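Bear in mind that the values here come from a model prediction, so they are computed numbers and not experimental data. The basis for the numbers below is simple: all heavy atoms, side chains too, and nothing from hydrogens, waters or symmetry mates. Read the numbers this way: they start at 1 and go in the same order the structure lists the ligands and their atoms.
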Amino acid sequence: MERIDKLLSKLNIASRKEAKTLIKKGLILADGVKITSADMKVSENAVISYSGKEYTYQKYRYFLMNKPSGYLSANKDPKDKTVMDIFVEKYPDIKVSDYFLMGRLDKDTVGLLIITNDGDLTHRLLSPKYHVEKTYYVKIDTPINESIKKKIEDGVYIEKDVLTKPSKIEILNDEMTECNITIVEGRFHQVKKMFSLNGSNVTYLKRIKFGKLILPSNLREGDIIELSKEEIELLKNEN
Ligand code: URA
């Protein structure tokens with residue numbers, strides 16, 4: 001159980017001081033019951049009604065963004081636009097400093113990016129111990145061939161002493177310039193570096209899958225959705 005004024009503050013409805021006024025005016029309901037005093041205790045999961053809207057407190061929230069090109073995967077940057085700038089614009093009530101990006105996409109990469117305030121899960125899924133599969137749709141300027149495909153899949157030195165783990169490539173066009181690649185790591189510029197083995201430049205890179213989560217085809221660049229309970233479970237059951 002939680003004091004109602006504290007819960008209103010956690011829900012970003014009102015500061016504890018403002019809560020008193022709202023309660024005095026009879027504007028707050030918890031599970032359909034009018035709240036009459038700021039020290040009343042309600043369940044942390046109570047449905048709070050205020051000003052025609054309903055709110056339920058969730059400690060952890062999970063969002064999926066279709067990251068647009070031109071934005072840095074960072075919380076803040078003195079000169080560039082960041083994905084968090086988009087996030088705050090869409091969700092002004094959240095406290096950005098509590099949120100983490102589940103991995104980073106390059107400035108020119110688009111696609112699936114998870115944003116959450118669940119720090120433990122973020123650390124777990126990004127840890128090299130867990131081999132979460134990530135799939136990218138890639139366009140390259142120089143075609144690959146079956147033998148290069150196999151070499152990349154088997155593992156490539158992307159730096160001295162850094163050999164990539166086995167990956168899977170699915171070629172999508174006859175010209176062999178478009179494919180999906182699934183990797184289990186998340187090294188800096190990894191996909192670009194892997195294709196550079198063939199002297200190919202990546203001209204378009206889009207993350208379409210993270211673990212079992214798929215980028216919805218109708219989610220436009222810059223759009224964000226909050227994950228459903230089922231999707232959160234999929235994320236938590238990654239290993
Ligand atoms: N690999 C890259 O090269 N860039 C990304 O943004 C993600 C994976």
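Environment of NZ in Lys34: sparse, with no more than 12 heavy atoms of neighbouring residues, nucleotides or ligands closer than 6.0 Å. Within 6.0 Å of NZ in Lys150 there are 12 or fewer heavy atoms belonging to other residues, nucleotides or ligands.
Under a 4.0 Å criterion applied to the non-hydrogen atoms of Tyr136, ligand 1 contributes the atoms 7 (C), 8 (C). Under a 4.0 Å criterion applied to the non-hydrogen atoms of Thr109, ligand 1 contributes the atoms 4 (N), 5 (C), 6 (O). Ligand-side atoms of ligand 1 in range of His189: 1 (N), 2 (C), 3 (O), range being under 4.0 angstrom from any heavy atom.
Aromatic ring centroids of Phe87 and Phe63 lie under 6.0 Å apart.
Considering backbone and side-chain atoms together, Lys192 places an N or O closer than 3.5 Å to an N or O of ligand 1.
Between Asp85 and Tyr71, the side chains place no donor N or O within less than 3.5 Å of an acceptor N or O (distance only, hydrogens not considered).
The residue among Ile158, Leu205, Leu105 with a heavy atom at the shortest distance from atom 2 (C) of ligand 1 is Leu205.
Note that CZ of Arg207 is 8.5 Å distant from CD1 of Ile183, once rounded to the nearest 0.5 Å.
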**Message:** Evaluate Asp120 against Lys236 for salt bridge (charged side-chain N to carboxylate O under 4.0 Å, His left out), listing each step before the verdict.
**Reply:** CA-CA 11 Å; Asp120 287 347; Lys236 288 188 172 168; over 6 Å; no
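Of all protein heavy atoms, the one lying nearest to atom 4 (N) of ligand 1 is Asp106 OD2, 2.8 Å. Given atom 1 (N) of ligand 1, the protein heavy atom at minimum distance is Val191 N, 3.1 Å.
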